[in-house]
Amino acid sequence: EAAIVDNAQRIAEAFSIFPSYINHYAVKALPNPYILKVLAAQGQGADCSSLPELVLADNAGITGELIMFTSNQTPASEYAVAKKLGAVINLDDYTHIDFLEKTVGLPELVSLRYNPGPLKEGNAIIGEPEKAKYGFTRAQLFDGYAALKAKGVKRFALHTMVASNELSVDYHIETARMLFELAVELKEKLGIELEFVNLGGGVGIPYLPTQEAIDYHTLAQGIRRVYDEVLLPAGL
């Protein structure tokens with residue numbers, strides 16, 4: 001427990017340069033109720049992909065928009081629970097917009113999952129994004145936000161997941177730049193101001209003695225540098 005708390009606090013300290021930063025712990029990685037309660041006490045959120053994970057997060061005290069719900073082949077009953085909990089529903093496919101609307105209704109806040117295809121390399125665990133089954137293509141993303149706006153959705157967010165257990169700081173900074181530039185383009189073309197950007201999973205830990213741990217401060221400062229360079233001039 002002490003090690004988990006220490007790591008959570010080091011992450012929070014490094015990313016305190018983003019006042020509204022939230023780390024969403026991937027419940028699927030270790031769905032242990034005790035550990036989830038420890039993380040909840042540290043103010044961390046949860047990344048969920050199934051009904052059991054939603055229940056675990058909620059029972060651990062991670063509630064509302066501290067939960068990101070990202071799944072595919074999702075039954076309406078699971079969307080209903082996510083909406084009831086007030087979780088951020090992160091849609092995986094363009095067709096899910098109509099499905100969500102017709103089954104449980106669109107919430108005020110909707111996030112879309114972007115698949116950059118060949119524009120971004122994956123890594124050994126995730127593979128190549130263009131071969132992945134999930135996420136909106138670039139064209140679908142713009143169409144999706146336009147459709148959501150027309151249907152009355154008021155709040156918007158953006159997510160991607162292009163790597164897992166990635167130890168390269170530069171890789172994560174490049175991912176941030178990709179999403180930040182996309183956020184600017186969405187504002188310019190659709191008049192949509194994203195409420196937040198979820199950089200997705202991927203910050204790894206060194207499993208091998210030849211690997212070095214990521215320095216959280218270096219990572220946070222690098223992302224902040226791109227944030228200041230890309231988002232702030234655009235008024236985001």
Side-chain angles (χ1 to χ4, degrees), residues 11 14-24 45 47 65 68 70 88-94 96-97 109-123 126-150 153-164 166-204 214-236:
I11 293 171
F15 280 86
S16 62
I17 54 177
F18 295 99
S20 59
Y21 169 80
I22 298 171
N23 184 64
H24 291 88
D47 176 85
E65 292 179 10
M68 283 285 294
T70 306
V88 178
I89 294 178
N90 187 35
L91 296 179
D92 193 63
D93 183 87
Y94 185 85
H96 294 180
I97 295 174
L109 167 63
V110 177
S111 177
L112 299 183
R113 182 176 188 167
Y114 175 48
N115 184 333
L119 297 177
K120 178 71 178 177
E121 293 183 0
N123 69 357
I126 291 294
E128 299 174 26
E130 64 263 37
K131 296 180 180 179
K133 65 183 181 298
Y134 50 75
F136 286 62
T137 66
R138 181 180 174 83
Q140 289 172 339
L141 197 71
F142 281 83
D143 289 344
Y145 283 116
L148 289 169
K149 185 178 180 181
V153 173
K154 303 297 184 185
R155 301 165 61 203
F156 306 92
L158 172 65
H159 165 272
T160 197
M161 174 76 174
V162 289
S164 183
E166 177 58 56
L167 289 167
S168 167
V169 169
D170 289 341
Y171 184 94
H172 296 295
I173 294 172
E174 289 167 5
T175 300
R177 179 180 294 278
M178 176 183 71
L179 292 187
F180 293 165
E181 289 177 348
L182 192 52
V184 173
E185 194 171 348
L186 285 165
K187 180 184 178 184
E188 292 173 346
K189 292 185 176 179
L190 299 180
I192 285 175
E193 295 195 16
L194 295 177
E195 188 165 318
F196 66 86
V197 169
N198 184 318
L199 299 182
V203 177
I214 276 188
D215 182 277
Y216 296 134
H217 283 279
T218 301
L219 176 60
Q221 289 164 4
I223 294 174
R224 179 73 209 205
R225 185 170 61 251
V226 178
Y227 177 95
D228 292 344
E229 179 184 329
V230 176
L231 290 183
L232 292 187
L236 291 169

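The basis for the numbers below is simple: all heavy atoms, side chains too, and nothing from hydrogens, waters or symmetry mates.
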Correct closest heavy-atom pair for Asn90 and Ser111 would be OD1-OG, 2.7 Å

Nearest heavy-atom pair of Pro116 and Met178: which atoms, and what distance?
CB-SD, 3.6 Å

Is any side-chain heavy atom of Leu91 less than 4.5 Å from a side-chain heavy atom of Ile97?
yes

So do Val203 and Tyr216 actually touch side chain to side chain, heavy atoms under 4.5 Å?
yes

What distance separates Leu186 CG from Glu181 CD, expressed to the nearest 0.5 Å?
12.0 Å

Could you check Leu194, Asn198, Ile192 and say which one makes a side-chain contact (heavy atoms from CB on, under 4.5 Å) with Leu158?
Leu194

With side chains defined as the heavy atoms from C-beta onward, is the minimum distance between Ile223 and Leu199 less than 4.5 Å?
yes

May I have the step-by-step check of side chain to side chain contact (heavy atoms under 4.5 Å, CB included) for Leu236 and Phe180, ending in yes or no?
CA-CA 9 Å; Leu236 291 169; Phe180 293 165; over 6 Å; no

Decide yes or no for Met161 and Thr70: does some side-chain heavy atom of the first lie under 4.5 Å from some side-chain heavy atom of the second?
no

So which heavy atom on Ala14 is nearest to which on Ala220, and how close?
O-CB, 3.3 Å

I'd like to know whether His159 forms a side chain to side chain contact (heavy atoms under 4.5 Å, CB included) with His24, so could you lay out the CA-CA distance, the side-chain angles of the two residues, the decisive distance to 0.1 Å, and finally the verdict.
CA-CA 12 Å; His159 165 272; His24 291 88; over 6 Å; no

Could I get the full list of side chain to side chain contact (heavy atoms under 4.5 Å, CB included) partners for Arg224, not counting sequence neighbours?
Ile17, Phe18, Tyr227, Asp228, Leu232

What are the two closest heavy atoms between Tyr94 and Gln140, and how far apart are they?
CD1-O, 3.8 Å

Just jot down the ring pair (Phe, Tyr, Trp, His ring centres under 6.0 Å) partners of Phe15, sequence neighbours excluded, or say none.
Tyr21

Spell out, as yes or no, whether a donor-acceptor pair under 3.5 Å connects the side chain of Tyr145 to the backbone of Ala157.
yes

Do the side chains of Val88 and Phe196 get nearer than 4.5 Å, heavy atoms only?
yes

Identify the two heavy atoms, one from Leu231 and one from Ala183, that lie closest to each other, and give their separation to 0.1 Å.
CD2-CB, 4.1 Å

Partner set under salt bridge (charged side-chain N to carboxylate O under 4.0 Å, His left out) for Lys189, not counting sequence neighbours:
Glu185

Could you measure the distance from the NE2 atom of His172 to the CD1 atom of Ile214? Nearest 0.5 Å is fine.
4.0 Å

With side chain to side chain contact (heavy atoms under 4.5 Å, CB included) as the test, would you mind laying out the steps for Thr160 and Leu182 before giving the verdict?
CA-CA 11 Å; Thr160 197; Leu182 192 52; over 6 Å; no

Reported CD-to-CD1 distance for the pair Glu65 and Ile89, which is rounded to 0.5 angstrom
11.0 Å

Under the criterion side chain to side chain contact (heavy atoms under 4.5 Å, CB included), I'd like the reasoning laid out for Asn115 against Thr137: C-alpha separation, chi angles, the key distance, then a yes or no.
CA-CA 5 Å; Asn115 184 333; Thr137 66; 5.9 Å; no

Would you say Lys149 and Phe156 make side-chain contact, with heavy atoms under 4.5 Å?
yes

About how many Å separate CG of Asn23 and CD1 of Ile11, when rounded to the nearest 0.5 Å?
5.0 Å

Scanning both residues in full, the closest heavy-atom pair of Ala146 with Leu190 reads N-CD1, 4.0 Å

